[in-house]
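One-based numbering, in listed order, for ligands and for the atoms of each. For the single chain, residues carry numbers from 1 onward in sequence order. Both backbone and side-chain heavy atoms feed into the values below; hydrogens, waters and symmetry mates do not.
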Amino acid sequence: MRAGELAKALTERLSPVSDCADFEARCLLQHFCSLTLSDIYLDKEVERIPEEALETAVEQRLAHRPLQYILGKWEFMGNPFIVNENVLIPRPETELLVECLLDSIQQSSVVYDLCSGSGCVAISVAKLTGAKVYAVEKYPQALEVLQKNIALNSAETLEALQWDITQAPGADWEKADCILSNPPYIEDAVVKTLQTEVQQEPFAALAGGEDGLDFYRAIASNYTDLLKPGGWLALEIGEGQESALKEIFKDLRYVRTVSDYNNIARIVIFRKEQQ
Ligand code: GLN
């Protein structure tokens, strides 16, 4: 069968569950039939169609399993990341969290990524800056994925720490030039109203307590002491949380807010005053 025909048939089958069925069909073809995008656009003859695997994938997708978990891998900042049901799927807007402080991070910097999950933020920062990055993650199942991603990306300046950020950091932790975090920030009650696909992501990676702000409060009370004077803090936030964040982090200097591609305030940046 030809690639274009296969892509069309898959698109039709996926359209009941996806607004971007054509994109998803192409992702499945690239993954399962080892095709490149140009093979698909040039309508190449597909030599080997692993029909069973492809059919299982389509059935899982029709049952609302997210495409990223079916593929088992997803791209973030141009690098590959292993993903499964134990970690949040890396989102395009989280790339803004990686990018926002790149100019302030040097090779000699010490950076923490709190609630690291798949490690997409920590690993990207380590690769782009060469800084020492600590990826802090509570759950062993997520840590397993994180370790695999460190190896996959040969991120040598990165260290994974198993730690619950509702606890203060250890007294021996190195002081930070920069702390980044995309913590769970959705209100607990809202999680079950989200798209079926999103609900298959770990509840613990999505839910931030009754008002969604529990982890920001934990960071404010436990981690601002870890920042060096002049150190930076950048946090991804949910829609409408910007003013609550400014209040929670009023002991730091508010620097700026970065909006995402939908013009929603998405990243808030603070700085600890030089003493
Ligand atoms: N830091 C990871 C990400 O942004 C995980 C975030 C989380 O689990 N809340 O994808």
Side-chain angles (χ1 to χ4, degrees), residues 66-69 71-102 111-128 131 133-150 152-153 155 158-166 176 178-188 190-191 194 197-209 211-219 223 233-239 241 245 258 260-261 264 266-269:
L67 174 75
Q68 293 87 339
Y69 292 152
L71 301 175
K73 237 182 215 180
W74 199 241
E75 206 172 276
F76 180 83
M77 300 286 302
N79 294 312
F81 287 88
I82 292 165
V83 290
N84 64 26
E85 272 79 355
N86 295 317
V87 294
L88 195 80
I89 296 165
R91 306 291 204 272
E93 56 269 29
T94 304
E95 297 188 344
L96 298 169
L97 177 65
V98 172
E99 288 163 351
C100 70
L101 290 179
L102 283 181
V111 179
Y112 285 82
D113 170 32
L114 307 179
C115 305
S116 203
S118 66
C120 60
V121 172
I123 292 169
S124 303
V125 170
K127 283 185 82 163
L128 288 165
V133 182
Y134 293 98
V136 182
E137 172 55 45
K138 172 182 172 188
Y139 293 98
Q141 307 92 308
L143 217 58
E144 213 174 287
V145 178
L146 174 60
Q147 297 282 15
K148 286 185 185 155
N149 282 325
I150 293 175
L152 180 66
N153 283 284
L158 197 135
E159 200 175 309
L161 296 176
Q162 186 174 5
W163 197 261
D164 176 353
I165 67 145
T166 62
C178 175
I179 297 177
L180 304 170
S181 184
N182 173 24
Y185 55 66
I186 298 167
E187 295 158 42
D188 286 354
V190 171
V191 175
L194 300 174
E197 280 78 355
V198 179
Q199 290 188 52
Q200 305 203 23
E201 296 184 76
F203 182 80
L206 296 167
D211 64 358
L213 301 169
D214 281 2
F215 291 92
Y216 302 114
R217 283 188 285 263
I219 293 170
Y223 288 85
L233 171 70
L235 300 164
E236 180 169 326
I237 59 168
E239 191 167 2
Q241 292 178 332
L245 261 276
V258 180
D260 69 14
Y261 317 106
I264 294 168
R266 187 56 71 189
I267 312 289
V268 201
I269 302 172

Under a 3.5 Å threshold, I'd like every N/O contact between ligand 1 and protein atoms, with atom names and distance.
from: ligand 1; atom 1: 1 (N); to: C115; atom 2: O; distance (Å): 3.2
from: ligand 1; atom 1: 1 (N); to: S116; atom 2: O; distance (Å): 3.3
from: ligand 1; atom 1: 4 (O); to: N182; atom 2: ND2; distance (Å): 2.8
from: ligand 1; atom 1: 9 (N); to: N182; atom 2: O; distance (Å): 3.0
from: ligand 1; atom 1: 9 (N); to: A205; atom 2: O; distance (Å): 3.0

Hey, mind stepping through E93 and Y261 against side chain to side chain donor-acceptor pair (under 3.5 Å) and telling me if it holds? CA-CA 7 Å; E93 56 269 29; Y261 317 106; over 6 Å; no
How many angstroms lie between atom OG1 of T94 and atom CD1 of I267, to the nearest 0.5 angstrom? 6.5 Å
Side chain to side chain contact (heavy atoms under 4.5 Å, CB included) partner of N86, the single match among V83, L88, N84: N84
Once salt bridge (charged side-chain N to carboxylate O under 4.0 Å, His left out) is applied, do any residues pair with E201, and if so which ones, sequence neighbours excluded? R91
Tell me whether E144 at atom CD has more than 12 heavy atoms from other residues, nucleotides or ligands lying less than 6.0 Å away. no
Classify the ring geometry between F76 and F81 as parallel (under 30°), tilted (30 to 60°) or perpendicular (over 60°). perpendicular
